[in-house]
Amino acid sequence: MRITLKVWRQDGPTAPGSFETYDVPGVSPDMSFLEMLDVVNDRLTLDGKRPIVFEHDCREGICGSCGMMINGVPHGPERGTATCQLHMRKFHDGDQIVVEPWRSAAFPVIRDVAVDRSAFDRIIEAGGYISTPTGAAPDANLTLIPKPVADAAMDAAACIGCGACVAACPNSAAQLFTSAKLAHLNLLPQGQAERWARTEAMVETMEEFFGSCTNHGECREACPKEISLDFIAMMNRDYVKSKRKNRKLLSQIR
Amino acid sequence: MATTTPARGSQSSARGLVRPTFSQPRRRLPYPFGLYQTAVGKKWVMGVTGIMMMGFVLVHMIGNLHMYEGPAKYNEYAEALRTVGGALMPREGVLWALRLGLLGAAALHIHSAATLTIINRRSRPLAYQSPRDYSAANFASRTMRATGIIVLLFVIFHLLDLTWGVFLGEDYITGDVYNNVTRSLSSLPIALLYLLANIALAVHLFHGAWSMFQSLGWNSPQFNQARRVFAAAFAGLILVGNLSFPILNLTGVVSQDSRTTPCVAEGGEETRICLGVNE
């Protein structure tokens with residue numbers, strides 16, 4: 001396969017960027033998208049040029065590092081997969097492939113197509129955890145959880161925090177990410193103690209960095225883990241409730 | 001190394017490269033009002049005010065179907081609106097309460113939309129430099145701002161036209177709704193304006209009537225499938241009902257000529273016979 005690669009090149013967070021076009025012959029259809037980029041980078045290095053900077057880690061679709069816009073779609077044309085699990089056989093010989101970083105005020109470009117997603121960390125720090133007492137591990141099956149609840153929590157926990165939802169959203173909103181992180185704790189018994197404080201804190205931190213949801217549903221289409229919009233509805237319901245609940249909890253302190 | 005968990009929100013959110021684009025207000029308003037200071041809360045308000053306006057749009061459409069029963073019934077309906085509550089309420093009391101409620105709902109709906117749009121624009125200062133390929137966002141969801149503005153401008157025009165009679169001049173008769181509606185809608189440009197505005201309204205409702213379920217958190221596997229159907233059916237119902245008025249007026253099915261009763265100006269202080277005005 002021979003493809004034309006049009007990639008966003010940018011030297012640093014404040015440097016201006018632009019597209020550069022590379023002719024890439026000798027692409028195997030069995031290569032993953034990142035392996036194709038590796039080949040391009042090898043050739044660039046041999047030519048004495050700066051290779052394309054992109055983020056990657058596990059290359060098996062579970063770490064969430066490798067997000068990029070491919071032909072105007074986050075993670076490319078294959079649904080329910082991250083960029084690393086996208087294979088070159090999804091493209092045709094002679095195709096032009098446009099690669100661009102996520103665009104969002106909250107995701108500044110570090111270099112080329114690598115962005116800083118630490119705004120997600122700020123949301124997690126605000127409440128994406130449970131405060132457990134340390135000590136011996138509790139007995140298995142001590143806390144019984146109905147199967148549908150465990151399944152729903154697991155569906156939410158599948159979020160890998162890649163940022164495709166924000167990248168896909170016309171408003172650059174992080175509702176799908178935040179709602180998944182909230183739901184995976186808020187559905188389970190272990191998450192109940194901090195449920196309302198968590199919901200309020202995480203939503204309000206999210207709003208500091210990201211836009212607001214207008215229910216287009218683009219995030220769901222872009223999500224490599226196919227996380228459901230239902231979690232967003234759950235978050236909206238819980239947030240409004242949390243305002244009332246947290247007010248009540250405050251009155252417990254004397 | 002032993003560390004203790006820092007209290008929630010104790011750390012500054014601006015670290016490294018990433019800067020917040022929006023800062024939460026330092027002082028929150030007291031309980032339900034504080035919700036309106038947040039984006040999720042504003043969307044909730046948009047959902048609630050949207051339902052109020054959907055109720056109005058539905059009742060308005062159904063009420064106007066009285067037009068097809070002839071001038072007497074139609075004007076009787078208009079008069080009945082002013083005397084809702086009968087002797088218990090002052091004349092037009094309930095009507096004004098509803099009007100003020102709707103005005104407040106519209107103001108909140110528009111204010112939320114405007115402020116959220118500003119936040120959204122700020123959240124992506126540099127747009128995608130290559131063409132985006134949308135797969136879920138439909139025409140309705142992506143034109144909410146445009147259709148909303150069209151509907152707002154139309155409502156202002158509609159009030160000037162049929163509540164204050166600015167454009168009809170001498171032909172406007174206070175209290176004779178049938179006369180005013182038929183005269184206004186028999187003009188081609190005005191009828192076309194009504195057609196365009198009501199199509200925009202239906203497009204707005206097609207997304208809004210679905211979106212509100214998400215914004216209000218009304219989500220359950222038991223009725224999730226029905227939410228889209230509801231939105232499409234509601235938008236379709238309003239579209240068919242509201243488009244029928246200008247179309248049937250334009251084609252002459254409903255017109256001044258079909259009236260059989262004289263019209264009477266409001267209050268009875270001044271009675272104008274308007275039968276045969278067209279002759």
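Bear in mind that the values here come from a model prediction, so they are computed numbers and not experimental data. The basis for the numbers below is simple: all heavy atoms, side chains too, and nothing from hydrogens, waters or symmetry mates. The chains referred to below are lettered A, B, ... by the order of the sequence lines, with proteins before strands, and numbering in each begins at 1.
For B:Asn224, the part lying near chain A is the side chain, with the backbone staying farther off; criterion is any non-hydrogen pair under 4.5 Å. In this structure, chain A has heavy atoms under 4.5 Å from both the backbone and the side chain of B:Arg142. Within the 4.5 angstrom heavy-atom criterion, only side-chain atoms of A:Pro13, from C-beta onward, approach chain B. At a 4.5 Å heavy-atom cutoff, the contact between A:Asn71 and chain B is made by backbone atoms alone. The part of A:Pro101 that comes within reach of chain B is its backbone (N, CA, C, O), which places non-hydrogen atoms under 4.5 angstrom from that chain. Of the two parts of A:Arg244, the backbone and the side chain both hold a non-hydrogen atom closer than 4.5 Å to a non-hydrogen atom of chain B. Proximity to chain B is absent for every atom of A:Ala222, based on heavy atoms less than 4.5 angstrom apart. Only the side chain of A:Val98 comes within contact range of chain B, with at least one heavy atom under 4.5 Å from a heavy atom of that chain. Within the 4.5 angstrom heavy-atom criterion, no atom of B:Ala140 approaches chain A.
Ranked by non-hydrogen atom pairs under 4.5 Å with chain B, the options A:Arg117, A:Met69, A:Lys241 are led by A:Met69. Of the listed residues A:Pro74, A:Cys169, A:Ala173, the one with more heavy-atom pairs under 4.5 angstrom with chain B than any other is A:Cys169. Heavy-atom pairs under 4.5 Å with chain B were tallied for A:Pro170, A:Ser212, A:Gly211, A:Ser18; the largest tally goes to A:Ser212. With respect to chain A, the highest number of heavy-atom pairs below 4.5 Å among B:Pro221, B:Ser220, B:Gly217 belongs to B:Gly217. When each of A:Asp116, A:Asp230, A:Ile232 is scored by its heavy-atom pairs under 4.5 Å with chain B, the top score falls to A:Asp230. Among B:Arg122, B:Lys42, B:Met144, B:His207, the residue making the largest number of heavy-atom pairs under 4.5 Å with chain A is B:His207.
Between B:Ala127 and A:Glu100, the shortest heavy-atom contact is O-OE2, 4.3 Å. Scanning all heavy atoms of the two residues, the minimum distance from A:Val240 to B:Trp44 falls at CG2-CD1, 3.7 Å. What you find for A:Glu218 and B:Ser135 is that their closest heavy atoms are OE2-N, 2.8 Å. Looking at every heavy atom in both residues, B:Ser211 comes nearest to A:Thr214 through OG-O, 4.1 Å. Counting all heavy atoms, side chain and backbone alike, A:Pro108 lies closest to B:Val18 at CD-CG2, 3.9 Å.
Between B:Leu35 and A:Tyr239, the closest side-chain pair of non-hydrogen atoms falls below 4.5 Å. B:Asn120 has its side chain out of reach of A:Ser172: every pair of non-hydrogen atoms, C-beta onward, lies at least 4.5 Å apart. In this structure the side chain of B:Lys43 never reaches within 4.5 angstrom of the side chain of A:Cys213, judged on heavy atoms.
Annotation: the span from B:Thr21 atom OG1 to A:Phe210 atom CZ amounts to 8.5 Å, rounded to 0.5 Å. Atom CG of A:Asn246 and atom OH of B:Tyr31 lie 10.5 Å apart (nearest 0.5 Å). Rounded to the nearest 0.5 Å, atoms CG (B:Leu216) and CZ (A:Arg237) are 11.0 Å apart. How far CD of B:Gln37 is from CD of A:Glu204: 9.5 Å, rounded to the nearest 0.5 Å. Interatomic distance, CG of A:Asn215 versus OG of B:Ser141, reported as 9.0 Å (0.5 Å rounding). Annotation: the span from B:Phe33 atom CZ to A:Lys243 atom NZ amounts to 14.0 Å, rounded to 0.5 Å.
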Chi angles and distances behind the side-chain contact (heavy atoms from CB on, under 4.5 Å) call for A:Ser118, B:Leu17: CA-CA 9 Å; A:Ser118 44; B:Leu17 274 182; over 6 Å; no
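Here the side chain of B:Arg132 pairs a donor or acceptor atom with the backbone of A:Ala168 at under 3.5 angstrom. The main-chain N or O of B:Pro20 is never found under 3.5 Å from a side-chain atom of A:Glu208 such that the two would form a donor-acceptor pair. Remark: the backbone N or O of A:Phe19 is not paired with any side-chain donor or acceptor of B:Gln129 at under 3.5 angstrom. The backbone N or O of A:Ala167 sits less than 3.5 Å from a side-chain atom of B:Tyr128, completing a donor-acceptor pair. Put simply, the side chain of B:Arg124 gets close to the backbone of A:Arg103: a donor and an acceptor are under 3.5 Å apart. Remark: the backbone N or O of A:Phe231 is not paired with any side-chain donor or acceptor of B:Asn219 at under 3.5 angstrom. Using modelled atom types, one side-chain atom of A:Glu207 and one backbone atom of B:Val40 make a donor-acceptor pair closer than 3.5 Å.
No salt bridge links B:Arg28 with A:Glu200; every basic N to acidic carboxylate O contact stays at or beyond 4.0 Å.
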